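In what follows, chains carry the letters A, B, and so on, assigned in the order in which the sequence lines appear, proteins first and then strands, with residues in each chain numbered from 1. All figures in this text were calculated on a predicted structure; none of them were measured in a lab.
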Amino acid sequence: MSKISNAARSIGKLDELARKDTWLNRIHPLVKLLVTLLYLVLVVSFPPIRLTGVLAMALYPFLLFEISGLSFRDALYRLRIVLPVVCLVGILNPFFDRERVLTVFGITVTSGTLTMLSLMVKGVLTVLSSYLLVATTTIESICGALRMLHIPGIIVTEFLLICRYVTVLLNEADRVTQSYALRAPGQKGIARKTWGPLIGQLLIRSMDRAKALYQSMCLRGFRDDRPYLTVKSVTATDLFYFAICCSALIALRIFPVLELVGGLFVS
Amino acid sequence: MSHIHIDIAGLSFGYEEGIPILKDLSVSFHEKDAVGLIGANGAGKSTFLKLLVGLELAGTGSIRVEEIPVEKKTLAKVREKIGYVFQDSDTQLFMTTVREDVAFAPRNYGLPEDEVNRRVQRALELVHIPHLADKAVCRLSGGEKKLASIATILSMTPDILLLDEPSVALDPGNRRNLIHILNEFDHLKVIASHDLDFIWDTCNRVLLMDRGQIIADGTPDGILRDEALLTTHALELPLSLSRIRPG
Ligand SMILES: Nc1ncnc2c1ncn2[C@@H]1O[C@H](COP(=O)(O)OP(=O)(O)OP(=O)(O)O)[C@@H](O)[C@H]1O
Ligand SMILES: [Mg+2]
């Protein structure tokens, strides 16, 4: 299978996950969205030098993976392209910032190393928490939640359509390259001189397809001012989940949890 | 009381300046009409159907669906009444699974979830594909896509059906089932097709189009048996009517 159809397939897989009927999927999308946003803000708000604080924030995604039954390995596999990129941020810090902070087992740790590590962890955590949101909430529900936050309908519709068209573009690219490969046997990749027409063709075709899909949605009752959203009302369980998550996350942010736990063992 | 009807008067349309595709069409469809739209490739059949649901709007002349003129501001109303099956199923289907796609319209019309489920189940059963409900749309075969497309429309329970090449890609069993479904649907339907036997089996009225004009409008008997008429417009007798002479 080609790389392109693989990509389209993993988007489909993610959507499938989001449509499952687990307790985490059932939590109100607005609640999940707000918790995720709070989490992102809290993680980013740690000063880079406080590596232990950032590490403690990892509790949230790991606990959620554990109790939701989502596969952590699948997540790592799906995010295999994003995660290394995220890790690149801050990779140069150790070279610029050589101030010595502490020595562990005879190895000197500079503040540059610490900030690099905490940036990496921050990056990985934000990606993982976003993945948790997307893997348990359909795009339509996320859009519904955005609408509840009074984000203008036109922006939400735009977001919804972009999500849908990414698959269209990938499928179209897959078809074009396949039909190319069938008529250019024995060729590796695509000849440089065909790139221009091929990409142009791809753009026109995806635009046409996107337009046709949009029309097909409109024919079945979709309207810009009333996007396809099934927003249910918030239940007591949702509020409970919201309260627990928020207080736990804020506690993790305020109290140096890892240090406290560590302190218990040392003393 | 016959409230379901479409009236078209003086309709002309072209995609590009100076290249007319439809030329001054005037015709009316009534509640019990099952109209077969036939004509050579590029005759304008698909274009005509698209204009009826307002997918193209720049035409001159008028189209009224149950007295509502098809215009930008009436589109939502018109489209609630019409179920349209695209010639290309890939265009029709856009959700991830068949079930989601079939549920799209009823959900959009704000039906309660158990009614949505009932309609989805019924539509899937009608086209004999309940077993494909949770299959990813992009993994369906060509004919399965066609059946799923038809189910997405049946779940809307429209007043009027417009179908563009519905029998393409179907195996004989599914084709026969589709004929059965269409014959059960006793409101107005317009079917564009090159499958003249299919038209013969489902329609009580035939419109022959050529280069954007309606050449003939009559009963299947009158038009589909008229070999001279069909051949002058690049068509042939339905297989079931053409006599196979022993060599
Ligand atoms: N989007 C478009 N832009 C420009 N021209 C178009 C477009 N779509 C169709 N046409 C032209 O309009 C004419 C009528 O096309 P249409 O699709 O209505 O024919 P048809 O009768 O449905 O043919 P077929 O039997 O092959 O489906 C054709 O000549 C076609 O090239
Ligand atoms: Mg056509």
Query raised in the report: In terms of heavy-atom pairs under 4.5 Å, which option from B/D90, B/T97, B/D134, B/L75 contacts chain A the most?
Result: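 Answer, by heavy-atom pair count under 4.5 Å with chain A: B/D90.
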Query raised in the report: What is the distance from atom OG1 of B/T152 to atom OH of B/Y84, rounded to the nearest 0.5 Å?
Result: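 B/T152 atom OG1 to B/Y84 atom OH measures 12.5 Å (nearest 0.5 Å).
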Query - Toward chain A, the part of B/F86 with a non-hydrogen atom under 4.5 Å - result: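 The side chain, not the backbone.
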Requested in this report: Select one option (side chain, backbone, both, neither) describing which atoms of B/E80 are under 4.5 Å from chain A's heavy atoms.
Outcome: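 Answer is neither: B/E80 stays 4.5 Å or more from chain A.
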Report task. Check the surroundings of atom OH in B/Y15: do more than 12 heavy atoms from other residues, nucleotides or ligands lie under 6.0 Å from it? Result ->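 Yes - once you tally the heavy atoms of other residues, nucleotides and ligands closer than 6.0 Å, there are more than 12.
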**Report entry** chain B interface, residue from A/D208, A/L213, A/L219 that has the most non-hydrogen pairs under 4.5 Å
**Finding:**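 The candidate making the most pairs under 4.5 Å is A/L219.
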**Report entry** Which residues share a salt bridge (Lys or Arg N to Asp or Glu O under 4.0 Å) with A/K122, sequence neighbours left out
**Finding:**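 Salt bridge (Lys or Arg N to Asp or Glu O under 4.0 Å) check on A/K122 returns nothing, list empty.
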Query raised in the report: Is there any salt bridge (charged side-chain N to carboxylate O under 4.0 Å, His left out) pair reaching into residues 177-188 of chain B, and which pairs are they, with sequence neighbours excluded?
Result: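 Non-adjacent pairs meeting salt bridge (charged side-chain N to carboxylate O under 4.0 Å, His left out): B/K32-B/D186.
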